[in-house]
Engineer: 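Below are the structure tokens for one structure; questions will follow.
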Amino acid sequence: EVQLVESGGGLVQPGGSLRLSCAASGFTFSTYAMSWVRQAPGKGLQWVSGINSGGGSTSYVDSVKDRFTISRDNAKNTLYLQMNSLKPEDAAVYYCAKSPYSSNWREYDYWGQGTQVTVSS
């Protein structure tokens with residue numbers, strides 16, 4: 001019943017921007033923390049960012065801090081990730097996940113299908 005659907009990925013040049021969205025259904029979205037996790041080709045999962053249920057507390061992996069912004073609209077059951085100043089090393093499949101407020105993705109309950117972000121000139 002829980003469903004998470006990411007969108008907004010695509011091909012951008014280095015220095016460009018993308019806004020990812022994650023539409024949630026099947027649970028009370030406003031009562032759960034959410035996270036973004038990414039996986040580059042041939043590499044393992046890397047936690048990127050998290051947000052608490054009300055949206056007032058956010059956290060980021062050091063490599064994206066000051067470039068990415070996580071947010072949510074609980075009235076629309078939607079999670080966002082605004083990505084600015086993109087670098088080639090940001091290229092990955094990005095997943096949203098229902099989670100406790102933790103950077104340990106091994107604890108997460110449900111995952112979306114992922115959306116591809118490619119950063120190349």
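When reading the values below, keep in mind they use all heavy atoms of this one structure, side chains included, and skip hydrogens, waters and symmetry mates.
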Engineer: Report the distance from atom OH of Y101 to atom OG of S57, rounding to the nearest 0.5 Å.
Structural biologist: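 Going from OH on Y101 over to OG on S57, the span is 5.5 Å.
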Engineer: Going by the rule salt bridge (charged side-chain N to carboxylate O under 4.0 Å, His left out), which residues pair with D73 if we only count those two or more places apart in sequence or in a different chain?
Structural biologist: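 Testing D73 for salt bridge (charged side-chain N to carboxylate O under 4.0 Å, His left out), a comparison that skips the adjacent residues, returns none.
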Engineer: Main chain of G114, side chain of E6: is a donor-acceptor contact present, judged purely on distance under 3.5 Å?
Structural biologist: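 Yes.
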Engineer: Does the side chain to side chain contact (heavy atoms under 4.5 Å, CB included) test come out yes or no for R38 and V93, once each step is laid out?
Structural biologist: CA-CA 5 Å; R38 67 187 180 186; V93 176; over 6 Å; no
Engineer: Give the intermediate values and the outcome of ring pair (Phe, Tyr, Trp, His ring centres under 6.0 Å) for residues Y32 and F27.
Structural biologist: CA-CA 9 Å; Y32 287 91; F27 66 102; 5.7 Å; yes
Engineer: Measuring from Q113:CD to T115:OG1, what's the distance to the nearest 0.5 Å?
Structural biologist: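 Separation between the atoms: 7.0 Å.
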Engineer: To check you understand the geometry: which heavy-atom pair defines the closest contact between A33 and P100, and what is its length?
Structural biologist: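 Smallest heavy-atom distance, with atoms named: CB-C, 4.0 Å.
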Engineer: Evaluate side chain to side chain contact (heavy atoms under 4.5 Å, CB included) for L4 paired with W111, printing each intermediate quantity in order.
Structural biologist: CA-CA 6 Å; L4 301 170; W111 299 69; 5.6 Å; no
Engineer: Supply the atom-to-atom distance Q3 CD to C22 SG, rounded to the nearest 0.5 angstrom.
Structural biologist: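 The SG atom of C22 is 10.0 Å from CD of Q3, to the nearest 0.5 Å.
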Engineer: With R67 as the cation and Y60 as the aromatic partner, state whether NZ or CZ is under 6.0 Å from the six-membered ring centre and within 45° of the axis.
Structural biologist: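 No; the conditions do not both hold, so R67 does not lie above the ring face of Y60.
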Engineer: Report the C-alpha distance between Q39 and Y95 in whole Å, list the side-chain angles of each, state the deciding distance to 0.1 Å, and finish with yes or no for side chain to side chain contact (heavy atoms under 4.5 Å, CB included).
Structural biologist: CA-CA 8 Å; Q39 186 169 33; Y95 301 92; 4.2 Å; yes
Engineer: Any chance you could measure W36, atom CH2, to I70, atom CD1, to the nearest 0.5 Å?
Structural biologist: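 The distance works out to 7.5 Å.
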Engineer: Which heavy atom of K98 sits nearest to which heavy atom of M34, and what is that distance?
Structural biologist: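 Shortest heavy-atom contact: CA-SD, 3.6 Å.
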Engineer: For the side chain of S49 and the backbone of S59, is there at least one donor-acceptor N/O pair under 3.5 Å apart?
Structural biologist: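 Present.
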Engineer: On a heavy-atom basis, which atom in L45 and which in W105 lie closest, and how many Å separate them?
Structural biologist: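 Shortest heavy-atom separation between L45 and W105 comes out as O-NE1, 3.5 Å.
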Engineer: I need the minimum non-hydrogen distance between F29 and A24, along with the two atoms involved.
Structural biologist: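 For F29 versus A24, the nearest heavy atoms are CD1-CB, 3.5 Å.
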Engineer: With distance as the sole test, does R72 use its side chain to make a donor-acceptor pair with the main-chain N or O of N52 at under 3.5 Å?
Structural biologist: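 Yes: the side chain of R72 pairs with the backbone of N52.
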Engineer: What residue among S35, S102, S99 forms side chain to side chain donor-acceptor pair (under 3.5 Å) with Y108?
Structural biologist: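 Among S35, S102, S99, the one that satisfies the side chain to side chain donor-acceptor pair (under 3.5 Å) with Y108 is S35.
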Engineer: Provide the closest heavy-atom pair for S85 versus S17 in the form atom of the first, atom of the second, distance.
Structural biologist: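 Nearest pair, atom of S85 first, then S17: N-OG, 4.3 Å.
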Engineer: Hey, what do you get for CG (N84) to CG (L18), rounding to the nearest 0.5 Å?
Structural biologist: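 Nearest 0.5 Å value for the CG-CG distance: 9.5 Å.
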Engineer: Pick out which of I51, L20, N74 makes a side chain to side chain contact (heavy atoms under 4.5 Å, CB included) with L79.
Structural biologist: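 Between L79 and the candidates, side chain to side chain contact (heavy atoms under 4.5 Å, CB included) is satisfied uniquely by I51.
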Engineer: To the nearest 0.5 Å, how far apart are CG in N77 and OG in S30?
Structural biologist: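 Answer for the CG-OG pair, N77 versus S30, is 7.5 Å.
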Engineer: Would V37 and V48 satisfy side chain to side chain contact (heavy atoms under 4.5 Å, CB included), going step by step from the backbone distance to the final call?
Structural biologist: CA-CA 5 Å; V37 181; V48 176; 5.7 Å; no
Engineer: Quick check: closest heavy atoms across A92 and A40, and the distance to 0.1 Å?
Structural biologist: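 Closest pair (atom of A92, atom of A40, distance): CB-N, 3.7 Å.
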Engineer: State whether Y80 and R19 meet the cation-pi test: NZ (Lys) or CZ (Arg) under 6.0 Å from the six-membered ring centroid, and within 45° of the perpendicular axis.
Structural biologist: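 Relative to the ring axis of Y80, which defines the angle, R19 lies inside both limits.
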